[in-house]
Amino acid sequence: MSSVELKEVVLQLNGNEENASEIILENENGMRAVILSYGAALCEVQVENVAGKKLDVTLGFDKPEDYTRQDNPFFGSTVGRVAGRIQNGRFRIPGRSEEVILSPCDAPFINKTANLHGGPDGFNKRNWTVSGHSADNGSAAVALALTSPNLDQGFPGQLTATVTYTLTPENDLEICFDANSTEDTVCSMTNHAYWNLAGHDKPESMKDHEVKIFSTKYLPTKAGIYTGEVRDVLKGSVHDLTEGKRFEEAAQGMLKEDPEFPHGDAYIAQHTDKVCRPVASLFSPSSGIQMTVSTTEPVIQTYYASILDVKDGKGKMDYPPYSAMCIEPQGYADSVSDPLPSDPVRAAFCEKFGHTLLLKKGEAYKHKTVWPFLFIFLIFLFFFMEREKKKNFLSGILVCYSRTKQSLTEIKNKKEGGGYSAP
């Protein structure tokens, strides 16, 4: 039976005590997710491995109050109003230019002249309100709401945002972002979970993960800012993750390619129809757990946790660089910036994609991302297969899983609609 449990916690925010909520979602299979109202953050995801042992596959902290730490690198946070970077904090919406607050940061590899993830006091540092929750039909869900006032971090319009987490009977974790504004503004939220499918306490196992991005185009960057080019992913190149690549190989390749900013690539999704479709997958051979990423969003930002360095995480674990991976579906972050007239490439890029971040007064912003979790029970028998054979085997398993899930969904829909009769 699915369940939702709410716990009240007290946090010190801006020098004052403030009530917050910790929400525990559990589906009928025993899969569990923990969400904190501060930052609308995904703090824990417990999934069974092939041996039936539950693993927490997201990095984070043990105590809710630790999520207010200054060195929290957006663990599981909802980021916004705009995920990613806006160069020089200046952007343009029809009829006028706007200026938002820059994000000061002394860490290496960080662009210090940009608005990062909505600014220094973004949505990740707000205490959201639980606006509803439910547990029925094997699912468990919670909705959290936030009102961002006009000119919050410099963004125009009062934005009303909602984030809904749902844990389904199929072991899918869904997150839906909704928003509307009182004025024309920009909006592109995402979740910043750090994934390690071997378990958050196995940093050394991250290197063996296989990461796959279903994309043949990417957006080159300079110091984290889009150059304005759209390039093809060349087969066998550093950017090529279409057939899967070991995490360590992908991350080290990025470090050699761009030692000044080795964070990861921004890939363009194959679809443009705002339908939730698979765009990426992450697989741990040691746990047998695979996570697929499906989304409505046009850009898949990867981050290899290259500057992660957190002490005293969950279970007093230290999280060093490259001990997790972020896969962040979002819009074309810097496409609304105010480009210099002398940069026609960026100007053309902003002209083409800037509208994707625009949220007009009275219109609705919607973004859905789904993380289906799959357990590959036979992985240990095939662990030492040749790479190509292993890929073919896993592809076959995924096809079977996808078709079975689709068939079960069709049967369920027919039952609910009265169009199905049991034999």
Side-chain angles (χ1 to χ4, degrees), residues 79-100 111 113-119 154-157 159 177 179 181 183-191 213-233 239 261 263-277 279-280 293-303 327-361 363-369:
V79 295
R81 289 187 190 188
V82 175
R85 293 168 173 79
I86 298 177
Q87 187 179 32
N88 299 320
R90 294 194 301 270
F91 70 94
R92 185 180 291 274
I93 57 178
R96 65 184 192 270
S97 293
E98 301 285 351
E99 190 166 338
V100 289
N111 185 309
T113 59
N115 175 281
L116 173 65
H117 293 332
F155 292 99
L159 188 85
F177 304 87
S181 175
E183 296 182 26
D184 289 356
T185 190
V186 288
C187 184
S188 173
M189 294 184 282
T190 194
N191 180 276
I213 306 292
F214 315 138
S215 172
T216 57
K217 294 185 182 298
Y218 75 102
L219 301 167
T221 61
K222 184 176 182 179
I225 301 296
Y226 299 153
T227 64
E229 299 173 90
V230 176
R231 291 184 185 170
D232 291 331
V233 172
H239 312 283
F261 208 86
H263 284 11
D265 276 317
Y267 293 90
I268 298 179
Q270 306 275 38
H271 62 279
T272 57
D273 52 8
K274 291 293 285 186
V275 174
C276 197
R277 303 183 190 277
V279 294
V293 183
S294 296
T295 189
T296 56
E297 299 309 282
V299 176
I300 310 103
Q301 179 65 54
T302 61
Y303 173 44
I327 302 175
E328 309 162 44
Q330 57 192 255
Y332 292 89
D334 197 40
S335 63
V336 291
S337 72
D338 211 349
L340 295 172
S342 59
D343 193 344
V345 175
R346 273 185 52 79
F349 172 80
C350 293
E351 180 70 24
K352 182 175 182 179
F353 297 113
H355 71 280
T356 63
L357 264 64
L358 178 64
L359 176 61
K360 293 184 177 180
K361 175 182 177 180
E363 293 188 352
Y365 166 83
K366 291 184 177 295
H367 162 186
K368 181 177 182 179
T369 290

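This is a predicted model, so every value here is computed, not measured.
The distance from atom OG of S188 to atom CD1 of I86, rounded to the nearest 0.5 Å, is 9.5 Å. Between the OH atom in Y332 and the NZ atom in K352 there is a gap of 7.5 Å [rounded to 0.5 Å]. K366 contributes atom NZ, which lies 10.5 Å from atom OG1 of T296 (distance to the nearest 0.5 angstrom). Atom OG1 of T185 and atom CG of L159 lie 6.5 Å apart (nearest 0.5 Å). For the atom pair K222 NZ and Q87 CD, the distance stands at 10.0 Å (nearest 0.5 Å). Expressed to the nearest 0.5 Å, how far SG of C187 lies from CE of M189 amounts to 4.5 Å.
Two residues are said to be in side-chain contact when any heavy atoms from C-beta on lie closer than 4.5 Å; V230 and L219 meet this criterion. Between I93 and P156, the closest side-chain pair of non-hydrogen atoms falls below 4.5 Å. Counting only heavy atoms from C-beta outward, the side chains of I213 and T302 approach each other to under 4.5 Å. L358 places none of its side-chain heavy atoms less than 4.5 Å from the side chain of V336.
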*Show your working on side-chain contact (heavy atoms from CB on, under 4.5 Å) between V345 and E229 and close with a plain yes or no.*
CA-CA 7 Å; V345 175; E229 299 173 90; 4.2 Å; yes
*Assess whether salt bridge (Lys or Arg N to Asp or Glu O under 4.0 Å) is satisfied between R81 and E98, documenting all intermediate values.*
CA-CA 14 Å; R81 289 187 190 188; E98 301 285 351; over 6 Å; no
*What do the steps show when you test K360 against D184 for salt bridge (Lys or Arg N to Asp or Glu O under 4.0 Å), and what is the final call?*
CA-CA 4 Å; K360 293 184 177 180; D184 289 356; over 6 Å; no
*Yes or no on side-chain contact (heavy atoms from CB on, under 4.5 Å) for S337 and N88, after CA distance, side-chain angles and deciding distance?*
CA-CA 8 Å; S337 72; N88 299 320; over 6 Å; no
*Could you walk me through whether V82 and F91 pass the side-chain contact (heavy atoms from CB on, under 4.5 Å) check?*
CA-CA 11 Å; V82 175; F91 70 94; over 6 Å; no
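Heavy atoms only, all atoms of each residue included: A83 and T190 are closest at CB-CG2, 3.5 Å. Between L357 and S335, the shortest heavy-atom contact is CD1-OG, 4.1 Å.
Side-chain atoms of D265 never come within 3.5 Å of backbone atoms of Y267 as a donor-acceptor pair (strictly under, hydrogens ignored). Panel note: side chain H117, backbone G80; no donor-acceptor pair is recorded below 3.5 Å.
With sequence neighbours excluded, no residue forms a ring-ring contact (aromatic ring centres under 6.0 Å, His included) with Y365. Shown here are the ring-ring contact (aromatic ring centres under 6.0 Å, His included) partners of H239, two or more places apart in sequence or in another chain: Y218. Under the rule for a salt bridge (Lys or Arg N to Asp or Glu O under 4.0 Å), the partners of K274 that lie at least two apart in sequence or sit in another chain are E297. The ring-ring contact (aromatic ring centres under 6.0 Å, His included) test applied to F349 returns Y226, F353, not counting sequence neighbours. Checked against salt bridge (Lys or Arg N to Asp or Glu O under 4.0 Å), E363 has no partners two or more places apart in sequence or in another chain. In this structure V279 satisfies the side-chain contact (heavy atoms from CB on, under 4.5 Å) test together with A269, H271, V293, T295, I300, sequence neighbours excluded.
Partner of D334 under the salt bridge (Lys or Arg N to Asp or Glu O under 4.0 Å) criterion, chosen from R90, R85, R346: R346.
Residue E351 places its CD atom among 12 or fewer non-hydrogen atoms of other residues, nucleotides or ligands, all under 6.0 Å distant.
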